Amino acid sequence: MSAAAQTGAPARVVSLGQVSGWQYRLLHDRAEHTLLWLTRGQGRVIVDGTRRGLGPHNALFLPAGTLFSLEAGPQSLGMLMHCPAGLTGFFPGEPLHLRIREGFAQAELTAELDAMLREAGQGRAMLTEALDAHARLVAVWLHRQIAAGTQDTRRDSAGQRLMRLFSGALCAGFRSDRGVSDYAAALGVTATHLTRTARAACGMTAAAMLAERKLHEAHRLLSHPAPPVNRIASDLGFHSAPYFTRFIRSHTGLSPTEIRRGTRASGSRAAHHR
């Protein structure tokens, strides 16, 4: 059985300009591997609680379960590949930031991602198998670039190690009612130290990181007609639906119902124009 059959989704590629802002702009983690290939423009990412810049011909690989957010500049062009975590054990196990200066290597990755876009648009027989095969070749490309020394490595600091631990704990526990002080105590530091470290590493407080992760999940759940708002509130650790509504409105200016209604209307317009 293929990985797609196990997860219900094959490998896929989308153009950077086709994704909604909240899907990548807010901190979140995914159950699938993610590869960003930026071909033009600039961007900023937060990966496991540390912020860094991206430029043209930068590739960013994020294994499933990595906490990240992406903010691309208005003139940026690129592609995003997602593939099931169980597709192959050959993908790297750690986040990678590659700066690709060699023209042939740039063309290789672009060709594989373009081929995946074409396959998805044509809908030919054995589509899933073809997409998975291209994704495996992307994994080969990643390892070859590591061997070629294109990886952007930075000195690991105590602050970065703490942020990785906090990011992992946040991914595991954001659906609970745990606050920053609870996370800090579990990590053996004070809430003040955790907040100071987070601000230095990514420009956000620890509380803002937790809020963004909850907000991303709220957006994701509200993009579907079910479950009801009070169930979403409970599943995200809010003790009451009104408290959840105030949280959503304070961050978006909209109520959960308005977000759900707007998402459904946008989906209907997109389907009408296809």
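Note: hydrogens, waters and symmetry copies are ignored here, and every other heavy atom, side chains too, is used. What you are looking at is a predicted structure, and each value in this text was computed from that prediction instead of being measured.
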Please, which pairs that meet side-chain hydrogen bond (donor to acceptor under 3.5 Å, both in side chains) have at least one residue in residues 155-169, sequence neighbours excluded?
Asp156-Arg164
[X] side chain vs [Y] backbone, donor-acceptor pair below 3.5 Å:
{"X": "Arg260", "Y": "Ser223", "value": "no"}
{"X": "Thr39", "Y": "Leu77", "value": "yes"}
{"X": "Ser15", "Y": "Gly17", "value": "no"}
{"X": "Ser255", "Y": "Glu258", "value": "yes"}

How many angstroms lie between [atom1] in [X] and [atom2] in [Y], if you round to the nearest 0.5 Å?
{"X": "Glu212", "Y": "Trp22", "atom1": "CD", "atom2": "CH2", "answer": "13.0 Å"}
{"X": "Leu215", "Y": "Phe247", "atom1": "CG", "atom2": "CZ", "answer": "5.0 Å"}
{"X": "Gln145", "Y": "Gln106", "atom1": "CD", "atom2": "CD", "answer": "9.5 Å"}
{"X": "Phe174", "Y": "Leu27", "atom1": "CZ", "atom2": "CG", "answer": "11.5 Å"}
{"X": "Leu113", "Y": "Leu137", "atom1": "CG", "atom2": "CG", "answer": "11.0 Å"}
{"X": "Leu117", "Y": "Glu112", "atom1": "CG", "atom2": "CD", "answer": "12.0 Å"}

Shared ILVMFWY cluster between [X] and [Y], side chains joined below 4.5 angstrom?
{"X": "Val47", "Y": "Met204", "value": "no"}
{"X": "Ile100", "Y": "Leu62", "value": "no"}
{"X": "Leu170", "Y": "Phe238", "value": "yes"}
{"X": "Val19", "Y": "Met81", "value": "no"}
{"X": "Ile146", "Y": "Val140", "value": "no"}

Flag if over 12 foreign heavy atoms under 6.0 Å of OH, Tyr243
no
Would you say [X] and [Y] make side-chain contact, with heavy atoms under 4.5 Å?
{"X": "Leu127", "Y": "Pro10", "answer": "no"}
{"X": "Ile232", "Y": "Phe244", "answer": "yes"}
{"X": "Val229", "Y": "Leu222", "answer": "yes"}
{"X": "Leu60", "Y": "Leu70", "answer": "no"}
{"X": "Tyr24", "Y": "Leu80", "answer": "yes"}
{"X": "Leu98", "Y": "Leu142", "answer": "yes"}
{"X": "Leu35", "Y": "Leu109", "answer": "yes"}
{"X": "Leu67", "Y": "Met209", "answer": "yes"}

Residues in side-chain hydrogen bond (donor to acceptor under 3.5 Å, both in side chains) contact with Thr50, at least two apart in sequence or another chain:
none
Applying side chain to side chain contact (heavy atoms under 4.5 Å, CB included), run through Met163 and Asp48 and close with a yes or a no.
CA-CA 6 Å; Met163 293 312 298; Asp48 280 340; over 6 Å; no
Where is the tightest heavy-atom contact between [X] and [Y], given as atom of each residue plus distance?
{"X": "Leu87", "Y": "Ala135", "value": "CD2-CB, 3.4 Å"}
{"X": "Met116", "Y": "Ala11", "value": "CE-CB, 3.7 Å"}
{"X": "Leu38", "Y": "Leu16", "value": "CD1-CD2, 4.0 Å"}
{"X": "Gly65", "Y": "Cys171", "value": "O-SG, 4.1 Å"}
{"X": "Ala241", "Y": "Ala233", "value": "CA-CB, 4.0 Å"}
{"X": "Pro256", "Y": "Thr245", "value": "CD-CG2, 3.7 Å"}

Listed once per pair and sorted, the salt bridge (charged side-chain N to carboxylate O under 4.0 Å, His left out) pairs that draw on [range], sequence neighbours left out:
{"range": "residues 25-44", "result": "Arg12-Glu32, Asp29-Arg213, Arg30-Glu32, Arg44-Glu71"}
{"range": "residues 230-244", "result": "Arg231-Asp235"}
{"range": "residues 175-201", "result": "Arg175-Glu217"}
{"range": "residues 87-109", "result": "Arg99-Asp152"}

Could you pull out all residues at least two apart from [X] that satisfy ring pair (Phe, Tyr, Trp, His ring centres under 6.0 Å)?
{"X": "Tyr183", "result": "Phe166"}
{"X": "His193", "result": "none"}
{"X": "His97", "result": "none"}

Taking only residues at least two apart or on different chains, which pairs with a member in residues 42-65 satisfy ring-ring contact (aromatic ring centres under 6.0 Å, His included)?
His33-Phe61, Trp37-His57, Phe61-Phe91
Kindly determine whether Thr197 and Val189 satisfy side chain to side chain contact (heavy atoms under 4.5 Å, CB included), including the steps that lead there.
CA-CA 11 Å; Thr197 302; Val189 298; over 6 Å; no
Dump the intermediate steps for side chain to side chain contact (heavy atoms under 4.5 Å, CB included) on Asp114 and Met79, then the final yes or no.
CA-CA 9 Å; Asp114 280 341; Met79 289 177 279; 3.6 Å; yes
Listed partners of Ala115 passing side-chain contact (heavy atoms from CB on, under 4.5 Å), at least two apart:
Arg118, His134
By side-chain contact (heavy atoms from CB on, under 4.5 Å), which residues pair with Arg124, not counting sequence neighbours?
Glu119, Gln122
For Arg154 and Arg52, run side chain to side chain contact (heavy atoms under 4.5 Å, CB included): C-alpha distance rounded to whole Å, both residues' side-chain angles, the deciding distance at 0.1 Å, then the answer.
CA-CA 11 Å; Arg154 300 183 179 186; Arg52 62 174 60 196; 3.3 Å; yes
